[in-house]
Enquirer: 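Submitted below is the structure of interest, expressed as structure tokens.
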Amino acid sequence: MSSTFFGISTGLYFIAMAVYISYVGFRKPGIAVAASGITMLGFLSQTTALALRWRDSFDFWTGSVPNSGMIESVLRSAPLRNLYESLIFFVWALIAMHLLTEFKYKNRSLGAFVLPVAALALAFIDVSGMSTEIEPLVPALQSNWLLFHVFLSFIGYAAFGVSFGAAVAYLIMITDSRNETPYIFGSVVIGIFLVVLIAMGIDYINLTAAQRGEMLQSYFLTATFKSQSGFMMALSWVAGTIFVAAVWRFGLGLKKVLGGLDLSVNMLDDITYKSIAVGFPLFTIGGVIMGAIWANSAWGTYWSWDPKETWSLITWFVYAVYLHARLVAGWRGKKAAVLAIIGFVAVIFTYLGVNLVLSGLHSYGSS
């Protein structure tokens, strides 16, 4: 039953993304209201799906560990146990943050930037072929810290995702020339992100049914950039470079569209800052501090420089520098927007990239 509601919410988010983008193009208030309504329906459906998934996980856990107490069973069956569940929760938290931002600023234009992130995250689930089954908890995850550590981390990630969308929109609105360094950086980063997602889709198409059930990192980009065929590898690099160049060339075209909306650069800068101001303490407490405590209970040490831990610390430093530069040095404008984009790139690599290209104590998260 939960998969049905997940499917409904996925479909609604994709429709909402298209409607939000249509609003950017046609600027009709009725379209914006429809986009918000569809998003809220999708959020309600996904909330129901998460509740049902939690109930199913609870039944699975109590069936596997019948002597477990009620509170322990509830905490350890939270639907945050593998990459699939954490990605679903990330999208849920991102949509929740978006709706709160939309309500606070009474502006629906940001949906055209946030909903694509949610839709791409859901598309990643399909193209990667990751397992959606409820599985037994591995020993390292059998901790009461599971719920708090992952829950707070992903609420923080969602806030960073909103800051990313606002920073991208800000950068486009304030850019006058494609040759400005901040615009080049932002367009290239987004272009590379899309290229990797497309390449993973090609990976998935080329895999057999049995291969799709194996570890993701075993086949990461093996059909394109890491292909055994020299021709395919060269073609991938050429096509990827052209795609990134096209994003840089035509991305600035959004400036005219954004200029006609009820967005202002001050509003976008404020959303970027406040989203990071909310996400940073949540990530600090849930991701770094609780993660260290959990690591000590699971592996006997608070810090082991595991790739996931190392990149979490890098992510923390990027956002710490952003807040320090903003509050102490008075950073505003392009430099702050670029730093917000760098921070979210670090988030994505910490969350997905480490599982795909590196290995370590958190490698179970990729299954």
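Residue indices begin at 1 and follow the sequence shown.
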Enquirer: State, with a plain yes or no, whether a side-chain heavy atom of Phe60 is found less than 4.5 Å away from one of Arg55.
Expert: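 Side chain of Phe60 against side chain of Arg55, heavy atoms only: no contact under 4.5 Å found.
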Enquirer: Before you tell me yes or no, could you show the steps for Leu323 and Tyr273 under side chain to side chain contact (heavy atoms under 4.5 Å, CB included), namely the whole-Å CA-CA distance, both residues' side-chain angles and the distance that decides it to 0.1 Å?
Expert: CA-CA 8 Å; Leu323 291 174; Tyr273 163 64; 4.0 Å; yes
Enquirer: Please confirm whether the backbone N or O of Val74 pairs with a side-chain atom of Trp54, one donor and one acceptor, at under 3.5 Å?
Expert: yes
Enquirer: Check whether any side-chain heavy atom of Ser275 lies under 4.5 Å from a side-chain heavy atom of Met97, and answer yes or no.
Expert: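 Contact flag for Ser275/Met97 side chains = no.
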Enquirer: With clusters defined by side-chain heavy atoms of hydrophobic residues (ILVMFWY) lying less than 4.5 Å apart, directly or transitively, does Ile95 cluster with Leu100?
Expert: no
Enquirer: Locate the shortest heavy-atom distance separating Phe43 from Trp92; write the atom from each residue and the value.
Expert: CE1-NE1, 3.3 Å
Enquirer: Within a strict 4.5 Å, meaning less than it, do heavy atoms of the Asp269 and Val265 side chains meet?
Expert: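 When only atoms from C-beta onward are counted, Val265 and Asp269 do not touch, as no gap falls below 4.5 Å.
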Enquirer: Show which side-chain atoms of residues 150-157 pair as donor or acceptor with protein atoms under 3.5 Å away, not counting sequence neighbours.
Expert:
unit_1	atom_1	unit_2	atom_2	d
Ser153	OG	His149	O	2.6
Ser153	OG	Gly287	N	3.3

Enquirer: Using the benzene-type ring in the case of Trp, are the ring centres of Trp316 and Phe280 under 6.0 Å apart?
Expert: yes
Enquirer: Would you check if Tyr319 and Phe283 make a side-chain contact, meaning some heavy-atom pair closer than 4.5 Å?
Expert: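 No; the side chains remain at least 4.5 Å from each other.
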Enquirer: When rounded to the nearest 0.5 angstrom, what is the spacing between CD1 in Ile31 and CD1 in Ile21?
Expert: 12.5 Å
Enquirer: Give the minimum heavy-atom separation between Ala167 and Thr272, together with the two atoms involved.
Expert: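 Heavy atoms only, the tightest pair is N-OG1, 3.4 Å.
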Enquirer: When you measure from the side chain of Thr301 to the backbone of Trp303, do you find a donor-acceptor pair of N or O atoms at a distance under 3.5 Å?
Expert: yes
Enquirer: For residues 241-254, run the donor-acceptor check on the side chains, cut-off 3.5 Å, and write out each pair with its distance to 0.1 Å, sequence neighbours left out.
Expert:
unit_1	atom_1	unit_2	atom_2	d
Thr241	OG1	Trp237	O	2.7
Trp248	NE1	Arg178	O	2.8

Enquirer: Going by heavy atoms in the side chains, are Phe5 and Leu50 under 4.5 Å from each other?
Expert: no
Enquirer: Rounded to the nearest 0.5 Å, what separates atom CD1 in Ile172 from atom CD1 in Ile190?
Expert: 6.5 Å
Enquirer: Look at the side-chain heavy atoms of Ile, Leu, Val, Met, Phe, Trp and Tyr, link any pair under 4.5 Å apart, and say whether Phe317 and Ile285 land in one connected group.
Expert: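 The answer is yes; both residues are in one hydrophobic cluster.
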Enquirer: Hydrophobic cluster membership, with links at side-chain heavy-atom distances under 4.5 Å among I/L/V/M/F/W/Y: are Leu235 and Ile192 in one?
Expert: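 Different hydrophobic clusters.
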Enquirer: Kindly write out the residues that satisfy salt bridge (charged side-chain N to carboxylate O under 4.0 Å, His left out) with Asp270, not counting sequence neighbours, or none if the list is empty.
Expert: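 Partners of Asp270 by the salt bridge (charged side-chain N to carboxylate O under 4.0 Å, His left out) criterion, ordered by chain and then number, come out as Lys274.
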Enquirer: For a quick test of reading the model, state the closest non-hydrogen atom pair linking Ser227 to Met233 and the distance between them.
Expert: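 That closest heavy-atom pairing would be O-CE, 3.1 Å.
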Enquirer: With a 4.5 Å limit on heavy-atom distance, are the side chains of Trp305 and Leu313 in contact?
Expert: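 Contact flag for Trp305/Leu313 side chains = yes.
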Enquirer: What do the steps show when you test Lys28 against Tyr23 for side chain to side chain contact (heavy atoms under 4.5 Å, CB included), and what is the final call?
Expert: CA-CA 6 Å; Lys28 300 289 186 183; Tyr23 168 62; 5.5 Å; no
Enquirer: Could you grab the distance from atom OH of Tyr170 to atom CD1 of Ile341, nearest 0.5 Å is fine?
Expert: 11.5 Å
Enquirer: For the NZ atom of Lys308 and the OG1 atom of Thr315, what is their distance to the nearest 0.5 Å?
Expert: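 Here the interatomic distance stands at 9.5 Å.
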Enquirer: In residues 327-339, what donor-acceptor pairs under 3.5 Å come from side-chain atoms, sequence neighbours left out?
Expert:
unit_1	atom_1	unit_2	atom_2	d
Arg332	NH1	Arg326	O	3.4
Lys334	NZ	Glu180	OE1	2.4

Enquirer: Side chain of Thr350, backbone of Trp311: donor and acceptor closer than 3.5 Å?
Expert: yes
Enquirer: Phe344: which residues meet the ring pair (Phe, Tyr, Trp, His ring centres under 6.0 Å) condition with it, sequence neighbours left out?
Expert: Phe164
Enquirer: Does any part of the side chain of Ile271, heavy atoms only, come nearer than 4.5 Å to the side chain of Val162, both counted from C-beta?
Expert: yes
Enquirer: For Glu85 versus Ala78, what's the shortest heavy-atom pair and its separation?
Expert: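 Heavy atoms only, the tightest pair is OE1-O, 4.1 Å.
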Enquirer: Working to the nearest 0.5 Å, report the span between OG of Ser304 and OH of Tyr302.
Expert: 13.5 Å
Enquirer: Any chance you could measure Leu115, atom CG, to Thr39, atom OG1, to the nearest 0.5 Å?
Expert: 4.5 Å
Enquirer: Are Met232 and Val195 connected into the same hydrophobic cluster when the rule is that any two of I, L, V, M, F, W, Y join if their side-chain heavy atoms are below 4.5 Å apart?
Expert: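 Unlinked, Val195 and Met232 end up in two clusters.
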Enquirer: Side-chain contact, heavy-atom cut-off 4.5 Å: Ile88 with Gln46?
Expert: yes
Enquirer: Before giving the answer on side chain to side chain contact (heavy atoms under 4.5 Å, CB included), spell out for Tyr13 and Thr10 the whole-Å C-alpha distance, their side-chain angles and the decisive distance to 0.1 Å.
Expert: CA-CA 5 Å; Tyr13 289 154; Thr10 299; 5.7 Å; no
Enquirer: So which heavy atom on Leu171 is nearest to which on Gly186, and how close?
Expert: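 So the minimum-distance heavy-atom pair works out to CD2-CA, 4.4 Å.
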Enquirer: Who pairs with Tyr20 by ring pair (Phe, Tyr, Trp, His ring centres under 6.0 Å), at least two apart in sequence or on another chain?
Expert: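 By the ring pair (Phe, Tyr, Trp, His ring centres under 6.0 Å) rule, Tyr20 matches His98.
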Enquirer: Which heavy-atom pair separates Ser9 from Gly42 by the least distance, and what is that distance?
Expert: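 Shortest heavy-atom separation between Ser9 and Gly42 comes out as CB-O, 3.3 Å.
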